[in-house]
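Chain naming here is simple, since letters A, B, ... match the order of the sequence lines and numbering starts at 1 in each.
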Number of protein chains: 2
Amino acid sequence: MEKLQSLAHDIEKYILNLLEDEGDNIISLRRKELAEMFSCVPSQINYVLRSRFRPEHGFLIDSRRGEHGYIKILRVTCETPDEKLNHIAGLVGDEISLKEARRLLEALQERELITGRERLLIEIALRHLAEGAGNVETEEMADLLKSMLGSIMTV
Amino acid sequence: MEKLQSLAHDIEKYILNLLEDEGDNIISLRRKELAEMFSCVPSQINYVLRSRFRPEHGFLIDSRRGEHGYIKILRVTCETPDEKLNHIAGLVGDEISLKEARRLLEALQERELITGRERLLIEIALRHLAEGAGNVETEEMADLLKSMLGSIMTV
DNA sequence: ATTTTTTAGGTCAGGGATAATCAATCACAT
DNA sequence: ATGTGATTGATTATCCCTGACCTAAAAAAT
């Protein structure tokens, strides 16, 4: 019955549990200790962070090296359920124009799902992308928009 | 009482407390005295200032040598939106790496000039840009970062 | 008035202690 | 066979701290 999960999965769950216990949405780790606890190489911790605690997932990482070094994991948003991510993906689609994106963002702000400042940030990022390349970027715009919305849309 | 934090951290907190107590936004120190108080080498004070009281942290340093020497620490205050824009533009500069940008965003969130959600959005946009282009993107990153920060600082 | 001495603070390189990165390899599913 | 995710270890970068040497300003000596 015991489904053997990957080490990365176990470490992820351990970190999420720590966050759950804290209630303060921020925890501080020592990479070396965590690696010892799971009997793995320290860089494995970085792999877990890179693959599961990115900004897209609503997390921010602050770290310091040297003596008294640490890794702080900050949970900015609650976990966005797949259901909601699918909804966002549906709204955005595989490709999107700047004009369509603007309409979508306006609607989201209207529903108070994002703030005016957040809407500005997203619009600027998309505009920068659109102005950069020629016209094959509607797909890329859709990807970026989904990443950004996915990171801040809370449950 | 165990020493849990680094010496630099303790000195930082001591200075911040002084600033807090003063109520005013400026304090004056003697490097030698402070070093003696913490039983360390005087240059350690310089290290603390260099690593924690830079403009990106919201401080300016003024000092004088010789008899009646001093180190003054001034907390930056941006009264007008214009000052805020200039401050940000100066911090970002003409070019910036992804690593530098992340550090800056951490400081800005610490200063409560941006929220965690806004930091998420900016980090995602910058990383998207950095990973997309291969090479000479430090200028473009600086432009995008200034655009994004500038847009929300005035709201 | 000029020079010398004294009294500060500044800069830099280096070493120990961490964490980050990267390329190689492994594991497993398709 | 191939592709994706997981794991490792070697290398690189960063942080903290010290101490040797440098510079500036004021006082003292001339």
Going by heavy atoms closer than 4.0 Å, what residues in residues 15-22 of chain A are next to DNA chain C? none
Go through the steps for His128(A) and Glu140(B) under the test side chain to side chain donor-acceptor pair (under 3.5 Å), then give the verdict. CA-CA 9 Å; His128(A) 184 95; Glu140(B) 200 179 349; 2.9 Å; yes
With sugar-phosphate meaning primed atoms plus P, OP1 and OP2, does Leu7(A) contact a base, only sugar-phosphate, or nothing at under 4.0 Å between heavy atoms? sugar-phosphate
Check ring pair (Phe, Tyr, Trp, His ring centres under 6.0 Å) between Tyr47(A) and all other residues, then give those that pass, not counting sequence neighbours. none
Rounded to the nearest 0.5 Å, what separates atom CG in Leu34(B) from atom CZ in Arg30(B)? 11.5 Å
According to the ring pair (Phe, Tyr, Trp, His ring centres under 6.0 Å) rule, which pairs have a member within residues 62-95 of chain B, sequence neighbours left out? none
Nucleotide dT18(D), atom C1' - distance to CD1 of Ile11(B) in whole Å: 13 Å
Measure CG/Asp62(A) against C1'/dT14(D) and give the value in whole Å, please. 15 Å
Can I get a per-line list of side-chain donor-acceptor pairs under 3.5 Å for residues 7-22 of chain A, giving both atom names and the distance, sequence neighbours left out?
from, atom 1, to, atom 2, distance (Å)
Glu12(A), OE1, Arg52(A), NE, 2.9

Would you say CD of Glu79(A) has more than 12 non-hydrogen atoms from neighbouring residues, nucleotides or ligands within 6.0 angstrom? no
Please output the side-chain donor-acceptor pairs of residues 119-127 of chain A that fall under 3.5 Å, not counting sequence neighbours, one pair per line with the distance.
from, atom 1, to, atom 2, distance (Å)
Arg119(A), NE, Glu123(A), OE2, 3.2
Arg119(A), NH1, Gln109(A), OE1, 2.5

Measure from the side-chain heavy atoms of Val41(A) and tell me the nearest of dG9(D), dC17(D), dT7(D). dG9(D)
Using only side-chain N and O atoms of Tyr47(B), determine if any of them is under 4.0 Å from OP1 or OP2 of dC16(D). yes
Can a donor-acceptor pair be found, under 3.5 Å and without considering hydrogens, that links the side chain of Ser43(B) to the backbone of Asn46(B)? no
Within the 4.0 Å limit for protein heavy atoms, which parts of nucleotides 11-26 of chain C are touched? Write it as a string from 5' to 3', B for base, S for sugar-phosphate only, - for none. B-----BBBBB-----
